[in-house]
Amino acid sequence: MDIHSKIYQDLTRVLVTREEIAASIKKLGQQITNDYQGKDLVVVCILKGACIFFTDLIREIDLPLTTEFMSVSSYGSGTSSTGVVRIVKDLDRNIEKKNVLIVEDIVDSGRTLSYLVSVLNQRHPSSIRIATLLDKPARRVVDLQVQYSCFNIPDAFVVGYGLDYDEKYRNLPDIGILSPKIYESAD
Ligand code: 5GP
């Protein structure tokens with residue numbers, strides 16, 4: 001999709017281009033490949049936002065990994081989460097004694113992942129780490145260790161490359177700041 005397409009008119013601007021995303025994921029994949037040599041790795045995709053990042057990332061990890069999918073719904077208003085999380089779809093397999101890598105689209109307050117890590121830790125994995133495409137460190141309200149991150153971004157609501165607003169914009173190949181008039185008019 002071209003940045004002149006109509007859907008791009010809802011953005012204030014493009015924040016991270018598809019080329020920057022691809023280069024960063026390649027580097028991250030190499031780092032994860034080095035870090036997990038000889039280990040049993042389960043890569044967990046948090047649906048739906050992380051799906052595009054996940055499919056690109058696992059193809060840059062040169063290890064015999066397995067994949068799992070988890071879907072959580074966080075209760076909150078249109079553009080923020082509360083940390084009250086419901087598991088909509090759980091993992092299919094046991095993660096006991098496995099090295100779990102959670103793949104998330106964006107860490108904002110950190111509440112969603114903090115909850116997920118505590119839930120998964122009760123299943124006795126060997127380790128749990130987090131890989132996120134985007135991080136908004138200025139918004140963090142809980143202490144959360146994020147081991148792998150592609151981009152730190154400012155406090156703005158972004159869409160594209162898997163990230164949605166009202167289930168739309170996930171198919172944008174780039175990441176952009178959504179024009180506030182789109183969600184303000186919905187309030
Ligand atoms: P947290 O619990 O860290 O505050 O929120 C994490 C979740 O909030 C993300 O998985 C994502 O669903 C949503 N989120 C936070 N910031 C943004 C953003 O800028 N854009 C979009 N599309 N979702 C966001």
Side-chain angles (χ1 to χ4, degrees), residues 1 3 7-18 20-21 24-25 28 43-57 68-91 100-121 128-187:
M1 189 192 304
I3 61 159
I7 191 167
Y8 275 78
Q9 290 169 12
D10 291 349
L11 303 182
T12 311
R13 67 186 174 95
V14 169
L15 189 63
V16 192
T17 66
R18 59 195 84 183
E20 290 169 329
I21 296 169
S24 182
I25 291 177
L28 184 60
V43 189
V44 177
C45 175
I46 307 301
L47 297 169
K48 304 175 187 169
C51 64
I52 299 181
F53 173 45
F54 174 85
T55 53
D56 281 349
L57 179 63
E68 285 289 329
F69 295 84
M70 198 163 183
S71 178
V72 297
S73 90
S74 80
Y75 299 104
S77 61
T79 57
S80 67
S81 81
T82 58
V84 182
V85 178
R86 189 167 58 97
I87 296 176
V88 176
K89 188 220 168 292
D90 206 337
L91 306 177
V100 174
L101 180 64
I102 300 174
V103 176
E104 178 61 300
D105 53 355
I106 185 163
V107 185
D108 187 40
S109 69
R111 288 184 181 117
T112 306
L113 277 180
S114 175
Y115 173 82
L116 259 185
V117 168
S118 71
V119 166
L120 296 182
N121 258 327
I128 296 188
R129 286 186 178 178
I130 294 167
T132 187
L133 175 66
L134 304 172
D135 192 355
K136 288 183 192 170
R139 298 257 305 169
R140 199 75 89 255
V141 299
V142 295
D143 185 25
L144 178 77
Q145 304 301 316
V146 177
Q147 290 79 13
Y148 305 106
S149 166
C150 288
F151 302 98
N152 279 355
I153 62 164
D155 180 9
F157 192 80
V158 295
V159 293
Y161 196 75
L163 288 103
D164 75 311
Y165 172 70
D166 200 18
E167 293 300 329
K168 294 191 276 273
Y169 307 103
R170 293 194 198 275
N171 58 327
L172 295 189
D174 308 281
I175 294 163
I177 298 178
L178 186 64
S179 175
K181 65 175 188 278
I182 303 291
Y183 48 86
E184 278 164 12
S185 63
D187 285 344

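Counting starts at 1 for both ligands and their atoms, in listed order. For the single chain, residues carry numbers from 1 onward in sequence order.
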Just wondering, more than 12 heavy atoms not from K89 lying within 6.0 Å of its NZ? yes
Considering only heavy atoms, does D105 approach ligand 1 within less than 4.0 Å through its side chain, its backbone, both, or neither? side chain
Judged by non-hydrogen atoms, does Y165 sit under 4.0 Å from ligand 1? no
Is G110 close enough to touch ligand 1? Criterion: a residue heavy atom under 4.0 Å from a ligand atom. yes
For ligand 1, is S114 a contact, meaning one of its heavy atoms is under 4.0 Å away? no
Minimum distance, heavy atoms only, to atom 11 (C) of ligand 1: which one of I177, L134, I106 is it? I106
Show me the donor-acceptor pairs, under 3.5 Å and distance only, between side chains in residues 142-152 and residues at least two apart or in other chains.
from: Q147; atom 1: OE1; to: I130; atom 2: N; distance (Å): 2.8
from: Y148; atom 1: OH; to: D35; atom 2: OD2; distance (Å): 2.6
from: Y148; atom 1: OH; to: R129; atom 2: NH1; distance (Å): 2.8

How far does NZ of K136 sit from CD1 of I106, to the nearest 0.5 angstrom? 4.5 Å
List the residues meeting ring pair (Phe, Tyr, Trp, His ring centres under 6.0 Å) with F69, not counting sequence neighbours, and say none if there are none. F54
Against heavy atoms of R111, which atoms of ligand 1 measure under 4.0 Å? 2 (O), 3 (O)
Using only atom types and a distance under 3.5 Å, with no angle test, would you say the side chain of T17 pairs donor to acceptor with the backbone of E20? yes
Is the closest basic N to carboxylate O distance between D135 and R140 below 4.0 Å? yes
Taking only heavy atoms of D164, which atoms of ligand 1 are found under 4.0 Å from at least one of them? 21 (C), 22 (N)
As a check for students: among Y169, F157, Y161, identify the option with a heavy atom nearest to atom 23 (N) of ligand 1. F157
Would one find an N or O of K136, backbone or side chain, under 3.5 Å from an N or O of ligand 1? yes
Is the closest N or O pair between V158 and ligand 1 shorter than 3.5 Å? yes
Short N/O distance, under 3.5 Å, between L113 and ligand 1? no
Hey, does the side chain of S24 reach the backbone of I21 with a donor-acceptor pair shorter than 3.5 angstrom? no
